[in-house]
Amino acid sequence: MLSVRSRMKQIKVRFAPSPTGPLHIGGARSALFNYLFARKQRGKMLLRIEDTDLERSSPEFEREIIDSLSWLGINWDEGIDVGGDNGPYRQTERLDTYQRYVDQLLRSGHAYHCFCTEEELARERQALLEKGEIVAYSGKCRHLDPEERQRKLRQGLVPTVRFKVVSGQEVVVNDLVRGTVTFNSSEIGDFIIVKSDGIPTYNFAVVVDDHEMGVTHVIRAEEHLSNTPRQLLIYQTLGFEIPEFAHISLILGKDRQKMSKRHGATSIMQYRESGYLPEAVFNFLALLGWSPEGEQEILGRDEIVKQFSLSRVAKNPAVFDLDKLNWLNAQHIKRKAIMELGEMLKPYLKSSPFWHSVEQMDQATYEVLIEAVRDRIVRLVDVVKEVEPFFIRPQYEADTLDRLEQPEVRGMLQGLLEHLPDELDLEEARSFMKGLPKALQLPAKQVYMPIRLALTGSPQGPELPYLLVVMGVPEVRRRITGLI
RNA sequence: GGCCCCAUGGUCAAGUGGUUAAGACACCGCCCUUUCACGGCGGUAACUGGGGUUCGAAUCCCCAUGGGGUCACCA
């Protein structure tokens with residue numbers, strides 16, 4: 001159902017990461033839901049960089065985040081890298097804009113300078129926490145007289161700017177996924193909107209930017225829900241139109257705690273590197289907190305966009321399940337065309353010890369190799385171990401050797417060598433193997449497993465015809481001759 | 001601790017007052033198969049508890065419990 005607003009006005013959402021680390025699972029999911037909503041509603045998506053934490057922000061992380069998003073197939077219409085009419089899109093480049101609004105708030109008495117030191121504040125906070133009282137700023141500098149203020153400034157003290165919060169008022173967040181959430185301003189206390197380094201804080205900058213950039217829907221993680229009343233207060237006193245909010249639940253680790261580094265791979269790049277397909281990660285993330293109407297869960301990007309709706313977004317947090325990601329990834333791999341998959345696998349093979357052999361193959365043989373492993377790999381990186389039996393001369397276990405040394409096995413292998421043509425394509429290899437027991441006048445059981453053992457040293461692995469074709473008849477002969 | 005959010009199998013989840021409470025992953029079994037894998041079929045397994053409301057609650061309300069988030073000159 002469309003709200004009146006979205007019928008009248010094109011919707012605009014944003015993803016606004018801090019470049020203080022790589023893009024992680026949770027951030028990617030927030031970006032994804034924004035993207036899905038924008039595309040489904042035929043609205044716009046913008047990307048803004050919130051780099052007001054000078055200490056921890058870096059251009060490298062910014063780059064990595066952008067690359068991660070692009071890799072996932074999430075793109076945007078406005079913002080970093082693509083430009084637009086509401087730039088700049090990096091908060092540290094928008095300081096003059098914030099300053100204008102800070103001046104306005106200072107002039108109208110809605111904000112004031114605060115000279116409290118961090119140590120002082122930490123002490124007060126600690127005391128309040130211990131007494132079990134509401135942890136909020138005391139308002140000590142709220143009524144500093146102008147002379148006192150001037151004196152402190154002359155002393156060289158650098159103030160922060162605090163936003164004046166009138167206590168005792170109800171602040172209502174109207175949330176698209178959570179409904180009506182009510183807070184009381186008494187629990188908030190005057191909060192800092194400009195740090196002593198002159199840089200605005202998140203709660204202030206986000207409001208100014210979302211307003212200036214025309215954002216209509218703020219879709220973000222639930223951890224921001226308790227920040228929302230602060231932001232609402234700013235919207236109100238600055239007279240900005242309030243956007244729609246949608247706070248999506250968090251992604252938790254196996255221990256039900258918020259996902260963090262100690263839960264293993266949490267950055268999108270790590271998944272990319274170990275060979276997860278972007279469409280699989282996209283699919284998986286979409287299924288975490290959202291569900292399609294039908295029963296089909298293996299979905300492409302377009303299909304997910306087509307079906308997406310905020311009304312089907314769950315309120316409860318979701319535990320990240322690697323098993324399911326793995327399954328989805330295998331499913332998406334299985335659906336790849338041989339040629340395309342072959343190209344995707346090359347980087348992994350290049351860094352394997354077998355690249356030399358792979359490189360020498362003709363295209364047809366390479367495709368047989370890919371076909372042989374396609375249904376066997378969960379991540380692209382698995383190709384390296386799956387491909388091993390084709391290229392590594394087997395190291396036979398003692399009992400395997402015992403078995404291969406049985407006279408009847410040696411006889412069978414001898415027979416195989418006699419019947420083996422000099423060249424085979426996959427079809428020929430299949431019918432050759434199929435006809436072999438009859439040609440040797442032996443039961444299938446006594447034929448196939450010994451051959452497998454002779455060729456690979458292992459009782460399990462790819463189908464024999466694949467082995468024959470990819471190894472090539474000369475190599476097959478060499479391995480068997482070595483045994484008899 | 002205050003405030004806020006959440007609560008269906010181990011996990012993801014469907015479900016919006018009347019269902020034998022879907023489906024998927026994982027797990028187990030069977031089948032397919034020259035092995036493993038893939039695939040097919042089947043199985044184990046859930047409404048946190050207690051009060052209401054109602055002819056009737058997984059669905060609505062309250063309380064309890066549990067889990068999570070947040071209380072920064074981080075975002």
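This is a predicted model, so every value here is computed, not measured. Per chain, numbering begins at 1; letters A, B, ... match sequence-line order.
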- Query: Should the ring pair His113(A) and Phe115(A) be called parallel, tilted or perpendicular, given that the plane angle runs from 0 to 90° and is split at 30 and 60?
  - Reply: tilted
- With under 30° as parallel and over 60° as perpendicular, where do the rings of Phe191(A) and Phe163(A) fit, or are they tilted in between? tilted
Could you tell me how far [M] sits from [N] if I compare only their [atom1] atoms? Round to whole Å.
N      : M      : atom1 : result
C47(B) : G29(B) : C1'   : 28 Å
A45(B) : C25(B) : C1'   : 14 Å
C63(B) : C71(B) : P     : 26 Å
U8(B)  : G2(B)  : P     : 24 Å
U20(B) : C62(B) : C1'   : 32 Å
A57(B) : G52(B) : P     : 11 Å
G9(B)  : A46(B) : C1'   : 4 Å
U48(B) : A58(B) : P     : 10 Å

Considering every strand and a 4.0 Å limit on heavy-atom distances, what is the contact class for [X]: base, sugar-phosphate, or nothing?
X         : answer
Glu187(A) : sugar-phosphate
Gln331(A) : sugar-phosphate
Ala444(A) : nothing
Pro437(A) : nothing
Lys445(A) : nothing
Leu288(A) : sugar-phosphate
Lys258(A) : sugar-phosphate
His224(A) : base
Ser249(A) : nothing
Phe191(A) : nothing
Ser18(A)  : sugar-phosphate
Leu128(A) : nothing
Cys114(A) : nothing
Thr182(A) : sugar-phosphate

How long is the line joining [atom1] of [X] and [atom2] of [N], in whole Å?
X         : N      : atom1 : atom2 : result
Met259(A) : C12(B) : CE    : P     : 12 Å
Leu455(A) : U34(B) : CG    : C1'   : 13 Å
Asp175(A) : C4(B)  : CG    : P     : 15 Å
Asp209(A) : A75(B) : CG    : P     : 13 Å
Asn283(A) : C25(B) : CG    : P     : 13 Å
Asn329(A) : A26(B) : CG    : P     : 13 Å
Met433(A) : U33(B) : CE    : P     : 17 Å

Are [X] and [N] close enough that a side-chain N or O sits under 4.0 Å from OP1 or OP2?
X         : N      : value
Lys324(A) : A24(B) : no
Lys334(A) : A37(B) : no
Thr52(A)  : A75(B) : yes
Arg312(A) : G15(B) : yes

Identify the two heavy atoms, one from [X] and one from [Y], that lie closest to each other, and give their separation to 0.1 Å.
X         : Y         : answer
Leu23(A)  : Ser68(A)  : CD2-CB, 3.6 Å
Gln307(A) : Pro292(A) : OE1-CB, 3.2 Å
Thr456(A) : Leu467(A) : CG2-CD2, 3.8 Å

Nucleotide nearest [X] (side chain, heavy atoms from C-beta), chosen from [options]:
X         : options                : answer
Thr201(A) : C73(B), G67(B), C3(B)  : C73(B)
Val319(A) : U11(B), U70(B), U35(B) : U11(B)
Val181(A) : A75(B), U34(B), C4(B)  : C4(B)
Tyr202(A) : C36(B), A26(B), A75(B) : A75(B)
Glu297(A) : A24(B), A72(B), C36(B) : A24(B)
Asp323(A) : A75(B), U11(B), A26(B) : A26(B)
Asp321(A) : C3(B), U11(B), U35(B)  : U11(B)
Asn316(A) : A75(B), C6(B), G39(B)  : C6(B)
Arg376(A) : C12(B), U34(B), A37(B) : A37(B)
Phe183(A) : C36(B), C4(B), A72(B)  : C4(B)

- Face-to-face stacking of Trp327(A) with C25(B), centres under 5.5 angstrom, angle under 30°: no
Does [X] have its ring centroid less than 6.0 Å away from the ring centroid of [Y]?
X         : Y         : result
Phe37(A)  : His217(A) : yes
Tyr271(A) : Phe284(A) : no
Tyr101(A) : Phe240(A) : yes

- Message: Distance alone, cut at 3.5 Å: any donor-acceptor contact between the side chains of Asn203(A) and Thr201(A)?
- Response: no
- Closest-nucleotide ordering on RNA chain B, the 5'-leading residue of Ala16(A) and Arg256(A): Arg256(A)
- Donor/acceptor link under 3.5 angstrom from Ser196(A) side chain onto base of C73(B): yes
